Amino acid sequence: MPRTLAGEKLVIASHNPGKVTEIGALVAPYGIDVVSAGDLGLPEPEETGTTFEANALLKAHASASAADLPALADDSGLCVHALGGDPGIYSARWAGPTKDFAVAMEKVQAALDGKDDRRAHFHCALAIAWPDGHADCFEGTVDGTLVWPPRGGRGFGYDPMFQPDGHDVTFGEMDPDAKHAISHRAEAFKRFVAGCLAA
Ligand code: IMP
């Protein structure tokens with residue numbers, strides 16, 4: 001059974017202000033105040049895990065023990081079936097030091113050269129850890145197909161080349177609310193809300 005979080009301060013184990021705002025809005029109706037790992041000056045641990053879950057747990061545990069508060073972390077990425085799940089946990093790293101996702105998408109396309117199977121999924125692991133070491137992890141996935149050339153200027157990362165199943169637009173073309181209703185992150189969040197936040 002996941003542990004319930006109620007009326008507590010929650011650390012968002014991220015240095016990305018966009019993620020912190022998004023998660024803060026999600027938990028606000030449950031009376032939970034958020035503070036970011038960046039604001040607390042907490043160090044960013046190295047992502048040494050070999051799965052999304054391991055990396056999310058590693059980040060959540062690091063912030064929970066450093067801040068002495070419950071902490072929430074997510075880890076996500078694009079898994080391409082014909083590439084054995086790559087770039088997977090290395091999705092951000094494929095964009096290089098300048099975080100250029102046009103380059104990362106070119107790399108995926110080049111790796112797929114000559115392959116018929118263009119199926120892929122986005123995966124998100126969302127972990128919450130407490131200072132006493134308790135932790136829970138919730139995951140979400142969205143399946144789709146990779147298109148080329150990339151389409152659409154919305155979203156971020158690999159969105160312009162990912163067309164979710166049942167849609168004829170990419171995440172890069174889709175209205176952000178429509179993406180957020182079906183995304184891997186939305187699914188993991190729904191599970192976190194159902195498991196850890198009191199109604
Ligand atoms: P991180 O979990 O913040 O390290 O992000 C992992 C990387 O996965 C991001 O930098 C993106 O490249 C990719 N990614 C994760 N979720 C999405 C998404 O919803 N759209 C596009 N790319 C994503």
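These numbers were taken from a predicted model, which means no experiment stands behind them. Both counts, for ligands and for their atoms, begin at 1 and track the order of listing.
In terms of modelled atom types and a separation under 3.5 Å, the side chain of E173 and the main chain of T170 share a donor-acceptor contact. Checking side-chain atoms of D159 against main-chain N and O of F156 turns up a donor-acceptor pair under 3.5 Å. With hydrogens and angles disregarded, no donor-acceptor distance shorter than 3.5 Å links the side chain of E106 to the backbone of A110. Side chain of K179 to main chain of G155: no donor-acceptor pair is present (N/O by atom type, distance under 3.5 Å, no hydrogens or angles). Between the side chain of S91 and the main chain of L78, a donor-acceptor pair closer than 3.5 Å is present.
For ligand 1, the atoms lying closer than 4.0 Å to a non-hydrogen atom of K179 are 18 (C), 19 (O), 20 (N). Using a 4.0 Å cut-off to heavy atoms of A92, the atoms of ligand 1 that qualify are 7 (C), 10 (O). Proximity to G77 (heavy-atom distance under 4.0 Å) selects the following atoms of ligand 1: 8 (O), 15 (C).
Counting only heavy atoms of the protein, atom 3 (O) of ligand 1 lies nearest to K19 NZ, 2.8 Å. In terms of protein heavy atoms, atom 22 (N) of ligand 1 is closest to Y158 N, 3.2 Å. The closest protein non-hydrogen atom to atom 2 (O) of ligand 1 is S76 N, 2.9 Å. Among protein heavy atoms, atom 16 (N) of ligand 1 sits closest to R185 NH2, 2.8 Å. Counting only heavy atoms of the protein, atom 4 (O) of ligand 1 lies nearest to D75 OD1, 4.0 Å.
Using a 4.0 Å cut-off between heavy atoms, F156 contacts ligand 1 through both its backbone and its side chain. Contacts between H184 and ligand 1 below 4.0 angstrom, taking non-hydrogen atoms only, involve the side chain exclusively.
Annotation: E47 places no N or O atom under 3.5 Å from an N or O atom of ligand 1; distance criterion only. An N or O contact shorter than 3.5 Å is missing between K59 and ligand 1 by distance.
At least one heavy atom of F101 sits under 4.0 Å from some atom of ligand 1. Using a 4.0 Å cutoff on heavy atoms, D159 counts as a contact of ligand 1. Residue contact check for ligand 1: F122 places a non-hydrogen atom closer than 4.0 Å to it.
The aromatic rings of F162 and F171 are tilted relative to each other, their planes meeting at an angle between 30° and 60°. Ring geometry, F101 versus Y158: the interplanar angle exceeds 60°, so the pair is classed perpendicular (tilted spans 30 to 60°).
Criterion: ILVMFWY side-chain heavy atoms under 4.5 Å apart, direct or through other members. Under it, L112 and V103 are not part of a common hydrophobic cluster.
A salt bridge is absent between R191 and E139: the closest approach of a Lys/Arg side-chain nitrogen to an acidic carboxylate oxygen does not fall below 4.0 angstrom.
Among the candidates D75, T141, T51, the single residue satisfying the side chain to side chain contact (heavy atoms under 4.5 Å, CB included) test with H123 is T141.
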